[in-house]
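Ligands are counted one by one from 1 in listed order, and the atoms in each one are counted from 1 as well.
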Amino acid sequence: MAVIRSVVRGVGAYLPERIISNDELSERLDTSDEWIRERTGIRQRHIAADGEFTSDLGIAASRQAMVRSGIDPSDIDVVILATSTPDQTFPATAATIQAELGIQRGAAAFDLQAVCSGFVFALATADSLLRSGPYRRALVVGAETFSRILDWEDRTTCVLFGDGAGAVVLEAQPQHGTNDDRGILSTRMCTDGRYRDKLFVDGGPSTSRTSGYLRMNGREVFRHAVTKISGVIEETLVESGLAADEIDWFVPHQANKRILEGTAAKLGIPIEKIIITLDRHANTSAASIPLALNQGVEDGRIKEGDLVLLEAMGGGFTWGAALIRW
Ligand code: UT7
């Protein structure tokens, strides 16, 4: 039976030029390259320049994804930007991306906020819109400037994050309704707001009239991460009738090497199948998955027909997963 699937037509990414190494951070904080590498797997992070905004990062990544997709910007019907660091409280930063890329006037463009799970949530939302119509083509972006909400005096958080952006272009295409179809096969989005004080920003327009700084109980987040992530992946696999050993590439949100290797081990996914960018990018929140997807496609690992598994967990708590036949 013919069904509509959201097929990935193009992927793109952008990282700011400036790189800050662990050693550079150690010069101004009571930390060390050894501690950061051993506890997290991070070696360096990219940081946006003064005057370089989330929209600039998102536009650069989107431009590359659009060119590679071969789709004209005037044919995009919906733009979803996953971010927790918008340029302004409003309008949505997605509106800036829409205008700067020449995406058709009248296309829907909005921001989606699910912190580190933002890209999975945005992908699931776009997939739902494309499959139910009338939308045909979507630009889904993850872009962040977490450097602007970090307390650079707090060694327990500031060493973990970086700035960056990634984007994918999706197109609704008729497929056969089987697991061999190209496109998004299954998605899941979950939130449990009882844990919202474990990872949060201590400001906002309605509370403090400031943008605030990121605060995290790292140990508590870690404790929940592997269980929640492996649980949602198992649900996604069962729902689609696929097994973990059919996965070609595991593209997780890049928060901590111990979390992603622990999840892979629990699911029986070999380490060689994990696409890891954490060492060079650190945690870029909603941008980390599309940045890793771009890496896998550019270096030739992810190819047409491969089964790709995405997952994320972050503030809220939010968590989710997606299975894509590339
Ligand atoms: O993407 C959103 C989701 N976020 C995450 O997934 C983050 C999840 N959590 C983690 O990745 C880890 O919990 C961290 C990397 C944040 C921390 O690793 P940990 O092994 O859980 O360390 P810890 O918090 O238990 O701290 C161990 C020690 C502490 O010292 P004491 O109390 O044992 O004396 C910390 O003060 O390490 C100390 N510490 C540091 N030392 C050097 C904390 N940060 C640093 C640092 N440099 N940057």
Side-chain angles (χ1 to χ4, degrees), residues 20-45 82-85 113-122 142-147 149-164 166 189-193 195-201 213-233 251-264 266 274 276-279 281-292 310-321:
I20 299 190
S21 67
N22 291 347
D23 283 335
E24 192 178 338
L25 282 181
S26 312
E27 284 165 22
R28 44 182 150 112
L29 276 172
D30 180 17
T31 189
S32 65
D33 174 51
E34 193 189 3
W35 190 95
I36 302 170
R37 264 191 300 108
E38 277 178 10
R39 300 282 178 137
T40 71
I42 297 165
R43 286 193 287 117
Q44 60 172 50
R45 68 284 297 137
T83 190
S84 302
T85 45
Q113 212 273 69
V115 208
C116 298
S117 311
F119 188 77
V120 172
F121 277 45
E144 302 278 18
T145 46
F146 258 49
S147 60
I149 54 163
L150 293 175
D151 173 352
W152 286 98
E153 311 274 297
D154 176 11
R155 68 173 185 173
T156 69
T157 53
C158 76
V159 304
L160 305 172
F161 297 90
D163 300 335
M189 304 186 270
C190 309
T191 303
D192 189 341
Y195 298 107
R196 64 194 184 282
D197 64 345
K198 305 296 179 211
L199 172 50
F200 64 102
V201 165
Y213 293 104
L214 183 149
R215 306 291 174 205
M216 175 167 71
N217 182 335
R219 225 175 282 190
E220 275 289 294
V221 180
F222 198 106
R223 203 167 64 77
H224 286 272
V226 175
T227 325
K228 289 202 159 40
I229 294 165
S230 41
V232 79
I233 291 172
V251 187
H253 166 54
Q254 314 274 323
N256 186 313
K257 201 158 178 253
R258 289 184 288 152
I259 297 177
L260 44 100
E261 289 181 349
T263 308
K266 202 162 175 202
I274 317 177
I276 300 176
T277 51
L278 179 77
D279 52 336
H281 304 169
N283 180 346
T284 57
S285 189
S288 87
I289 291 176
L291 272 163
L310 317 181
E311 60 81 0
M313 190 233 177
F317 291 145
T318 53
W319 66 102

> Is a side-chain donor or acceptor of S117 paired with a backbone partner of T318 at a separation under 3.5 angstrom?
Replying inline: yes
> In this structure, are over 12 heavy atoms from other groups packed under 6.0 Å from F222 atom CZ?
Replying inline: yes
> Looking only at atom types and distance, does a side-chain atom of R155 sit under 3.5 Å from a main-chain N or O of D30, one as donor and one as acceptor?
Replying inline: yes
> Are any of the side-chain heavy atoms of I274 and P252 separated by less than 4.5 Å?
Replying inline: yes
> Backbone N or O of T277 within a donor-acceptor pair of the Q254 side chain at under 3.5 Å?
Replying inline: yes
> Of all the atoms in ligand 1, which lie at a distance below 4.0 Å from a heavy atom belonging to T40?
Replying inline: 15 (C)
>> Looking at D163 and S147, would you say the former's side chain and the latter's main chain have a donor-acceptor pair under 3.5 Å?
In response: yes
>> Tell me the protein heavy atom at minimum distance from atom 14 (C) of ligand 1, and give that distance in Å.
In response: N256 ND2, 4.5 Å
> Is there at least one pair of N or O atoms, one from G218 and one from ligand 1, spaced under 3.5 Å apart?
Replying inline: yes
> Got a protein heavy atom sitting under 4.0 Å from atom 19 (P) of ligand 1?
Replying inline: yes
>> Checking contacts here: is it the side chain or the backbone of L29 that comes within 4.0 Å of ligand 1, counting heavy atoms only? Could be both or neither.
In response: neither
> Any non-hydrogen protein atom below 4.0 Å of atom 32 (O) of ligand 1?
Replying inline: no
>> If the cut-off is 4.0 Å to any non-hydrogen atom of A255, which atoms of ligand 1 fall inside it?
In response: 1 (O), 5 (C), 6 (O)
> Where the side chain of D151 meets the backbone of R215, is there a donor-acceptor pair that is under 3.5 Å apart?
Replying inline: no
> Does any N or O in the side chain of T83 come within less than 3.5 Å of the main-chain N or O of A143, such that one atom is a donor and the other an acceptor?
Replying inline: yes
> Can you list the atoms of ligand 1 that are under 4.0 Å from a heavy atom of C116?
Replying inline: 1 (O), 2 (C)
> Is the backbone of T85 close enough, under 3.5 Å, to the side chain of E144 for a donor and an acceptor to pair up by distance?
Replying inline: yes
> To which protein heavy atom is atom 27 (C) of ligand 1 closest, and what is the distance rounded to 0.1 Å?
Replying inline: R39 NH1, 3.6 Å
> Against heavy atoms of L199, which atoms of ligand 1 measure under 4.0 Å?
Replying inline: 2 (C), 3 (C)
> Nearest protein heavy atom to atom 46 (C) of ligand 1: under 4.0 Å?
Replying inline: yes
> Out of K257, R219, H253, who gets a non-hydrogen atom closest to atom 26 (O) of ligand 1?
Replying inline: R219
> Among protein heavy atoms, which lies nearest atom 3 (C) of ligand 1, and at what distance?
Replying inline: V221 CG1, 3.7 Å
> Does the T263 side chain pair with the main chain of I259, one donor and one acceptor, at a distance under 3.5 Å?
Replying inline: yes
>> Could you identify the single nearest non-hydrogen protein atom to atom 16 (C) of ligand 1 and state the distance to 0.1 Å?
In response: L160 CD1, 3.8 Å
> What atoms of ligand 1 come within less than 4.0 Å of a heavy atom belonging to T156?
Replying inline: 43 (C), 44 (N)
>> Other residues, nucleotides and ligands only: do more than 12 of their heavy atoms fall within 6.0 Å of CZ on R196?
In response: no
>> Closer than 4.0 Å to some heavy atom of V159 - which atoms of ligand 1 meet that?
In response: 48 (N)
> Okay, side chain of R258, backbone of R39: is any donor-acceptor separation there less than 3.5 Å?
Replying inline: yes
> Is there at least one protein heavy-atom neighbour under 4.0 Å from atom 37 (O) of ligand 1?
Replying inline: yes
> Looking at ligand 1, does any of its N/O atoms fall within less than 3.5 Å of an N/O of N283?
Replying inline: yes
> Would you find a donor on one side and an acceptor on the other, under 3.5 Å apart, between the side chain of R45 and the backbone of I20?
Replying inline: yes
> atom 30 (O) of ligand 1: which of R258, R155, M216 has the nearest heavy atom?
Replying inline: R155
> For atom 1 (O) of ligand 1, is the nearest protein heavy atom closer than 4.0 Å?
Replying inline: yes
> How far is atom 28 (C) of ligand 1 from its nearest protein heavy atom, and which residue and atom name does that atom have?
Replying inline: W35 NE1, 4.4 Å
